[in-house]
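A quick write-up on the structure given underneath.
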Number of protein chains: 2
Amino acid sequence: MPVKLDDIDRRILRALQRDGRLQNVELAKEVGLSPSPCLRRVKLLEEAGIIDRYVAVLNSAKVGLSLSMFARVWLTAQDAETIDHFMDAMQQLPQVMECYIMLGESDALLRVVVANLDDYRRFQAAHLTRKNGIQNVKTDVPSQIVKQTYTLPL
Amino acid sequence: MPVKLDDIDRRILRALQRDGRLQNVELAKEVGLSPSPCLRRVKLLEEAGIIDRYVAVLNSAKVGLSLSMFARVWLTAQDAETIDHFMDAMQQLPQVMECYIMLGESDALLRVVVANLDDYRRFQAAHLTRKNGIQNVKTDVPSQIVKQTYTLPL
DNA sequence: GCATCTTCGCAACCAAATTGCGAAACCCCT
DNA sequence: AGGGGTTTCGCAATTTGGTTGCGAAGATGC
């Protein structure tokens, strides 16, 4: 459920989405408050859960994980147990960055990070299998990342 | 190209991916260094571009953007001009969180955040059109977000 | 227009970051 | 195995940023 934000809140959120480690004195200047009330608002936004967390974003190429692969998966069955088991497994696999249960054509969509195609093939053979409730996989390969942002429009 | 990281570097990166605003004195305790060399290592990781940036992650439901929609798009043509124009447009649209040029079945894959299905329909009618080089769109709707993480496995 | 509530900003204090430098650890070569 | 050189650590002093209490200002409602 959306929360009521005023203009200063939005400016704070936009600035912190852009730079999560912006120092409060700089943030205050940017949003037009003095540091104390600015920091209080940030704390409130955190406590309200609007700011969920702060993360360092790594350059995936530089840590040897330059490939994102998309996998559309169809499960062996549609019962709650199969789905729960599948979801648990995807939660546990560190290479799985995103996982959605889908309506319509496929049962789920995954984005998986790997070092290269070999790595992906091994990942698929080991994990995208009946063991985890998966009957069929269609892999889609990006040839280029045009945009990957964490910044929600406000 | 991957960069040579030692065990302390990996611990720093894992900790900062989890909490981008971890105070250095806490981080130092966690990785087993004193604060000065720990902070120096963080700075080096930033300068090397391994840590690309820090971001605040918002709760999308609480800012009224609780729906992620996936759009597979086919372009009107495959020439560089059409593709460049399309990529530019996707870069500019704040609702587009992810955009990949794909090999194989579709030409591109988008993840778009919106408030609701109405919002998505308006977005699609306004932007996923010939105006931006798009000939055909197939929308995939998640029914549940199982996993959305920014934490690369190290 | 007044009262009450919310938010701001100052100032004092505390904590964290920064930086220089000497020491320790590690690595390489003879 | 030892010595020399390079890299990294950690201490300490200084600087900067964060925290918190409180009075003032602004906003809202009656």
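First the proteins, then the strands, lettered A, B, ... as listed; each starts at 1.
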Output the rounded distance in Å from [atom1] ([X]) to [atom2] ([N]).
{"X": "A:L45", "N": "C:dT7", "atom1": "CG", "atom2": "C1'", "value": "14 Å"}
{"X": "B:K43", "N": "C:dT19", "atom1": "NZ", "atom2": "P", "value": "8 Å"}
{"X": "A:K4", "N": "C:dT7", "atom1": "NZ", "atom2": "P", "value": "12 Å"}
{"X": "B:L33", "N": "C:dA17", "atom1": "CG", "atom2": "P", "value": "14 Å"}
{"X": "A:L22", "N": "C:dA17", "atom1": "CG", "atom2": "P", "value": "15 Å"}

Heavy-atom donor-acceptor pair, [X] side chain to [Y] backbone, under 3.5 Å:
{"X": "A:K147", "Y": "B:L93", "result": "yes"}
{"X": "A:Q148", "Y": "B:C99", "result": "no"}
{"X": "B:R72", "Y": "B:A108", "result": "no"}
{"X": "A:D119", "Y": "A:A115", "result": "yes"}
{"X": "A:R10", "Y": "A:L154", "result": "no"}

Roughly how far apart are A:L33 CG and A:N24 CG, rounded to 0.5 Å?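 So the gap between those two atoms works out to 9.5 Å.
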Give me the first and last nucleotide of DNA chain D, going 5' to 3', that has any atom under 4.0 Å from a heavy atom of chain A.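 Here the contact window of chain A covers D:dG17 to D:dC22.
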With side-chain contact (heavy atoms from CB on, under 4.5 Å) as the criterion, how do B:L45 and B:L13 come out once you've worked through the C-alpha distance, each side chain's angles and the decisive distance to 0.1 Å? CA-CA 9 Å; B:L45 291 166; B:L13 293 173; 3.9 Å; yes
Under 3.5 Å, which protein N or O atoms sit close to an N or O of nucleotides 10-16 of chain C? Give each pair with its distance.
unit_1: C:dC10; atom_1: N4; unit_2: A:S36; atom_2: OG; d: 2.8
unit_1: C:dA11; atom_1: N6; unit_2: A:S36; atom_2: OG; d: 3.4

With a cut-off of 6.0 Å (strictly less than), are more than 12 heavy atoms of other residues, nucleotides or ligands near CD of B:Q78? yes
